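All of these numbers come straight from a predicted model, not from anything done at the bench. Throughout, a chain's letter reflects where its sequence line sits, starting with A, and its residues are numbered from 1.
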Amino acid sequence: MSTSQVKKVPYLLTTPGVLFFALLLGAPMVMTFLLSLHSYDFNTGIQTDWTIANYIEVLGDPYFQKIFARTFGLSLLVTVICILIGVPEAYVLSRLSSKWRSIFLLIVLGPLLISVVVRTLGWALFFGGNGVLTMISQALGFGDEPVSLMFTFTGMTIALVHVLVPFMVISVWASLQKIDPQSEDAGLSLGASKMTVLRRITLPQAMPGILSGSIIVFALTASAFATPAIIGGRRLKVVATAAYDEYLSTLNWPLGAAIAVILLLANILIIVSYNKVIERRFANIFE
Amino acid sequence: MQKLGLTALIFHAIFVIFILAPLVMVVAVSFTDKGYLSLPTDGLSLRWFYAILDNPDFIDAFWMSLWLAFISASIAVIISVPAALAIARHKFPGRDTISAFLLSPLMIPHLVLGVAFLQFYSSIGLGGSFFGLAAAHVILITPYSLRLALASATGLSTDAENAALTLGASKFTVFRRITLPLILPGVAGGWILAFITSFDELTMSVFVASPATQTLPVKMYHHITQTIDPLIASISTVLIVLTFIVMLILDRFYGLDKIFIGKG
Amino acid sequence: MSFLKFESLTKKFGDFVAVRDMSLDIEKGEFISLLGPSGCGKTTTLQMVAGLLTPTSGKISLDGKDITETPPNERGLGIVFQTYALFPHMTAIENVSFGLEMRGVAKAERIERASNALEQVKLGQFMNRYPKQMSGGQRQRVALARALVIGPPVLLLDEPLSNLDAKLREEMRLELRILQQDIGVTTVLVTHDQEEALSMSDRIVVMKQGDISQIAAPLELYERPTNTFVSDFVGKTNLLKGEVTDNNQVSVNGIKFEVDTKMHKQGTRIDLSIRPEKFRMSNDKKGQEVRVDASIFLGASWLYSVSSDLGQLFVTQPNTGTAGYSKGDIAWLDWQKGALTLFEEAAS
């Protein structure tokens with residue numbers, strides 16, 4: 001076997017994937033970027049000029065600034081809540097007896113396999129004006145006024161936390177699995193209280209999982225479409241629903257493309273810089 | 001191992017209720033006997049399940065989703081298994097780039113993929129085609145099957161293969177009899193994860209699907225934005241039950257957490 | 001007066017009895033080993049002493065105080081875990097000073113004492129490394145320093161050397177023993193490695209299926225095991241089945257020879273143990289005639305597998321610099337009658 005033969009094999013094996021991706025991913029992405037550099041006329045459609053006007057509009061217009069700010073705030077809030085409830089839940093799961101653990105893992109992770117539309121529908125049923133929330137508040141004597149969280153920021157936050165918290169749990173769970181349980185016993189034997197062991201020994205070792213869970217949740221919230229579209233509707237637009245409207249209602253594709261490009265770049269920037277930070281911080285410590 | 005305190009168990013109970021509440025709600029509403037959204041307070045009725053049969057649109061969309069997921073998951077596996085073997089077992093210039101390229105859809109919001117495909121297909125005359133939709137799904141789900149295939153190919157030692165070679169097996173036989181069976185669990189897991197991801201996908205498909213190629217999530221989404229009625233609840237209930245069955249099977253053969261680590 | 005005392009210690013997991021009615025007195029400064037195969041209850045015992053498991057019944061007392069119910073973080077014992085259980089997110093010195101911090105020692109003193117402890121285990125220049133950046137042996141020393149720096153009344157070692165390679169393990173045995181004697185800390189070692197137990201301990205407790213099989217000093221344990229389990233588990237031995245035929249005589253496969261049988265009645269069925277190195281192998285036609293089936297050169301000695309009318313036997317002979325026996329050779333085995341240990345069959 002000659003060395004040149006050896007070298008060919010990996011390229012042959014990866015060729016189908018690379019070709020497929022270059023043609024069907026590379027081309028559309030490049031075209032979208034180019035599209036975002038054209039201007040749009042409501043009478044004659046997409047122009048052939050080259051301009052960065054769309055970016056200036058998206059970044060300069062208070063209407064879009066508000067949408068970006070809302071999306072960012074929503075992502076931050078959802079991430080924080082997912083940390084606050086997902087981390088303890090992952091810890092609880094890791095401490096259950098193996099029988100209960102597999103049952104509850106199924107319950108907590110299972111929803112990930114159910115369509116987001118279905119899960120969001122459940123919250124829409126809760127939040128609607130004649131929904132359960134209203135019934136509960138009437139039953140508790142808070143008056144007969146219908147309580148609705150539809151088209152509210154709160155409603156959107158709750159539904160998104162529900163949709164995304166399993167990602168946090170699975171991520172933290174994975175890093176808790178790697179902890180040597182004897183390191184907690186060691187902490188106890190050295191005189192630390194249970195709380196101190198949790199805070200000083202367990203939690204720091206779960207940190208890589210918390211961080212990677214956070215980045216997943218943040219990125220997925222920032223680009224979430226279905227839940228904001230159903231719960232937030234037209235009143236509370238986020239970046240994804242705004243881009244959707246530019247494409248399918250206003251038909252201003254170049255502007256929509258600019259929004260998409262900004263969303264993509266922000267997404268990549270956040271993920272890449274976050275990964276760098278994690279790498280630098282934990283390279284010496286964890287596998 | 002520390003034992004859990006009462007506070008932890010109460011928290012856990014609330015968390016589980018939070019997770020299950022909207023699903024239970026959907027299932028409950030689907031059994032209503034009324035013509036409008038309500039809880040089945042006067043007894044259970046299956047009328048909204050029969051109503052599904054009167055809406056062939058949804059049934060067509062279901063088969064469309066199933067077929068689409070089957071085709072695109074299979075193509076994704078065919079693409080990713082050889083790529084995973086190359087990336088996991090060979091050192092070659094451009095390896096990291098190729099690997100990053102094939103995993104890159106994970107970093108691209110589905111919305112961005114959706115608008116990109118919308119424009120691309122309409123400009124090359126493939127707008128609204130099944131082929132276009134399937135190709136878009138392949139791009140979207142290949143990273144999932146690639147990651148699971150990579151995980152099993154990376155853990156594979158070449159000893160067993162070398163042993164087979166010394167015993168007189170041809171390279172192809174080695175692949176068929178040794179390599180493939182060893183990575184099969186990862187490949188099958190990747191196929192299933194890709195299938196489910198494709199089946200559930202909404203955001204990208206909303207842009208790419210035409211009325212002729214509407215998938216179930218897209219059909220449901222359009223329905224919900226018009227009206228929320230018990231029909232959509234009963235369809236969702238059917239989906240929940242089907243998913244639950246798939247989940248039990250998956251958990252039995254793989255362990256759900258292993259599959260999901262691929263998804264995260 | 002004993003320093004660490006177990007009284008009728010029992011631990012059950014459901015129906016399974018891991019440790020049964022164990023009583024033991026350990027002197028101050030003593031190095032004691034709990035030795036046995038996996039599942040014998042030695043680790044369970046250690047975890048009860050550490051406070052990580054609560055006994056089903058029985059009592060543990062330390063220096064006269066009952067600590068049976070004391071939580072592990074108030075016992076103040078030093079533990080070296082099998083996996084070392086270092087905190088991966090802390091450097092060596094942070095690991096070592098953790099216990100001091102928990103005791104409220106001021107930072108400057110903490111650093112000084114932790115550094116000294118690391119110097120003591122020869123890790124002075126590795127203080128700021130994370131566990132991942134250290135070798136197995138270095139991690140092991142950090143774990144030891146971390147356990148010792150808090151000045152524990154008792155040091156518990158849970159298979160501390162089992163993850164090290166053979167050569168390093170032998171060095172660490174010696175080092176650990178010297179360190180232990182310097183400090184004078186009472187030490188309980190859990191191990192399944194009989195050589196480790198023999199080489200380091202003042203006394204060895206051999207355990208089997210939750211029971212104590214024998215307690216003795218290493219030499220006595222080796223020379224005078226009280227049952228076939230101990231004689232087989234500690235060191236290598238040949239076990240033969242026979243019967244007491246006369247006052248000073250036993251018969252194995254019809255061959256009669258002299259032993260000390262005062263304690264055994266005529267007709268008693270017995271197990272006979274003789275260690276491979278207790279034989280003298282020669283060509284002088286004295287003793288039992290054997291044929292060599294296999295011959296293995298071990299450097300310091302020869303190991304032979306021989307067949308005879310007594311059955312298959314292992315024989316070890318020192319290397320005297322001349323050629324040993326080869327396969328097919330006929331030779332004769334001779335032994336002192338004190339080299340034989342007899343057990344009644346029931347006493348396994």
- What are the two closest heavy atoms between P109(B) and S223(A), and how far apart are they? CB-CB, 3.3 Å

- Message: Under 6.0 Å between ring centres: does that hold for Y221(B) and F225(A)?
- Response: yes

- Search all heavy atoms of M29(A) against all heavy atoms of L113(B) and return the closest pair with its distance. SD-CD2, 4.5 Å

- Counting only heavy atoms closer than 4.5 Å, note whether A28(B) contacts chain A via side chain, backbone, both or neither. neither

- Turns out that what part of S80(B) lies under 4.5 Å from chain A's heavy atoms comes down to neither

- With a 4.5 angstrom heavy-atom cut-off, which part of L102(B) approaches chain A: side chain, backbone, both or neither? both

- Task: Please report the closest heavy-atom contact between L25(A) and S104(B), naming both atoms and the distance.
- Result: CD2-OG, 3.6 Å

- Item | Side chain proximity check, V115(B) to E246(A), heavy atoms < 4.5 angstrom | no

- Task: First locate atom CD1 of I46(A), then atom CD of Q119(B), and finally report the distance between them rounded to the nearest 0.5 Å.
- Result: 7.0 Å

- Residue part contacting chain B, namely of Y244(A), when any heavy atom lies under 4.5 Å: both

- Heavy atoms, side chains only, cut-off 4.5 Å: are I228(B) and L125(A) in contact? yes

- How far apart are the closest heavy atoms of S123(B) and M31(A), and which atoms are they? OG-CE, 3.0 Å

- Query: Side chain, backbone, both or neither: which part of V30(A) has a non-hydrogen atom closer than 4.5 Å to chain B?
  - Reply: neither

- Message: If I compare all heavy atoms of F11(B) with all of E89(A), which pair ends up nearest, and what's the gap?
- Response: CE2-N, 3.5 Å

- Message: Under the criterion side chain to side chain contact (heavy atoms under 4.5 Å, CB included), I'd like the reasoning laid out for M107(B) against V272(A): C-alpha separation, chi angles, the key distance, then a yes or no.
- Response: CA-CA 9 Å; M107(B) 296 232 279; V272(A) 170; 4.0 Å; yes

- Item | Options P111(A), P88(A), P166(A), A243(A), ranked by heavy-atom pairs under 4.5 Å with chain B, top entry | P88(A)

- Message: I'd like to know whether OH of Y274(A) has more than 12 heavy-atom contacts from other residues, nucleotides or ligands below 6.0 angstrom.
- Response: yes

- Message: Quick check on F21(A) against chain B: is it the side chain, the backbone, both or neither that has a heavy atom closer than 4.5 Å?
- Response: both

- Query: So F92(B) and V9(A), side chain to side chain contact (heavy atoms under 4.5 Å, CB included) or not? Walk me through it.
  - Reply: CA-CA 10 Å; F92(B) 55 99; V9(A) 172; over 6 Å; no

- Item | Proximal component of I139(B), with respect to chain A [non-hydrogen, under 4.5 Å] | both

- Message: Rounded to the nearest 0.5 Å, what separates atom NE2 in H12(B) from atom CG in L93(A)?
- Response: 6.0 Å

- Query: Is there side-chain contact between F127(A) and P22(B), with at least one heavy-atom pair below 4.5 Å?
  - Reply: no

- Message: Using a 6.0 Å cut-off, check whether atom CZ of F151(A) has over 12 heavy atoms from anything other than its own residue.
- Response: yes

- Query: Residue by residue, which of residues 230-239 of chain B have a heavy atom closer than 4.5 Å to a heavy atom belonging to chain A?
  - Reply: I232(B), A233(B), S236(B), L239(B)

- Measure the spacing between CG of L111(B) and CD1 of I259(A) and express it to the nearest 0.5 Å. 9.0 Å

- Note on the structure: If one checks every heavy atom of L248(A) against chain B at 4.5 Å, the contacting part turns out to be side chain

- Query: Between CG of L113(A) and CD1 of I196(B), what distance do you get to the nearest 0.5 Å?
  - Reply: 4.5 Å

- Message: Which one wins on heavy-atom pair count under 4.5 Å against chain B: V169(A), L12(A), I230(A)?
- Response: I230(A)

- Query: Side chain, backbone, both or neither: which part of Y121(B) has a heavy atom under 4.5 Å from chain A?
  - Reply: side chain

- Note on the structure: If one checks every heavy atom of V261(A) against chain B at 4.5 Å, the contacting part turns out to be neither

- Given a strict heavy-atom distance threshold of 4.5 Å, which part of A219(A) is in contact with chain B: side chain, backbone, both, or neither? neither

- Proximal component of I108(B), with respect to chain A [non-hydrogen, under 4.5 Å]: both

- For I271(A), is it the side chain, the backbone, both, or neither that has a heavy atom closer than 4.5 Å to a heavy atom of chain B? side chain

- Query: Which atoms form the tightest heavy-atom contact between F120(B) and A27(A), and what is the distance?
  - Reply: CE1-CB, 3.7 Å

- Item | Separation of F244(B) CZ from L106(A) CG (nearest 0.5 Å) | 6.0 Å

- Message: With a 4.5 Å cut-off on side-chain heavy atoms, are L109(A) and M247(B) touching?
- Response: no

- Query: Is it the side chain or the backbone of L23(A) that comes within 4.5 Å of chain B heavy atoms, both, or neither?
  - Reply: backbone

- Say you draw a straight line from CD1 of I79(B) to CZ of F20(A); how long is it, rounded to the nearest 0.5 Å? 4.5 Å

- Message: Donor-acceptor pair, distance only, cut-off 3.5 Å: does the side chain of D200(B) make one with the backbone of V116(A)?
- Response: no

- Would you call the rings of F18(B) and W123(A) parallel, tilted or perpendicular if under 30° counts as parallel and over 60° as perpendicular? tilted

- For I107(A) and L20(B), run side chain to side chain contact (heavy atoms under 4.5 Å, CB included): C-alpha distance rounded to whole Å, both residues' side-chain angles, the deciding distance at 0.1 Å, then the answer. CA-CA 8 Å; I107(A) 291 173; L20(B) 290 179; 3.8 Å; yes

- Message: Using modelled atom types and a 3.5 Å cut-off, is there a donor and acceptor pairing between side-chain atoms of H162(A) and backbone atoms of I19(B)?
- Response: yes

- Task: Identify which of I87(B), V138(B), L85(B), T225(B) forms the greatest number of heavy-atom pairs closer than 4.5 Å to chain A.
- Result: V138(B)

- Query: Which bit of S122(B) is near chain A, if near means a heavy-atom gap under 4.5 Å: side chain, backbone, both or neither?
  - Reply: side chain

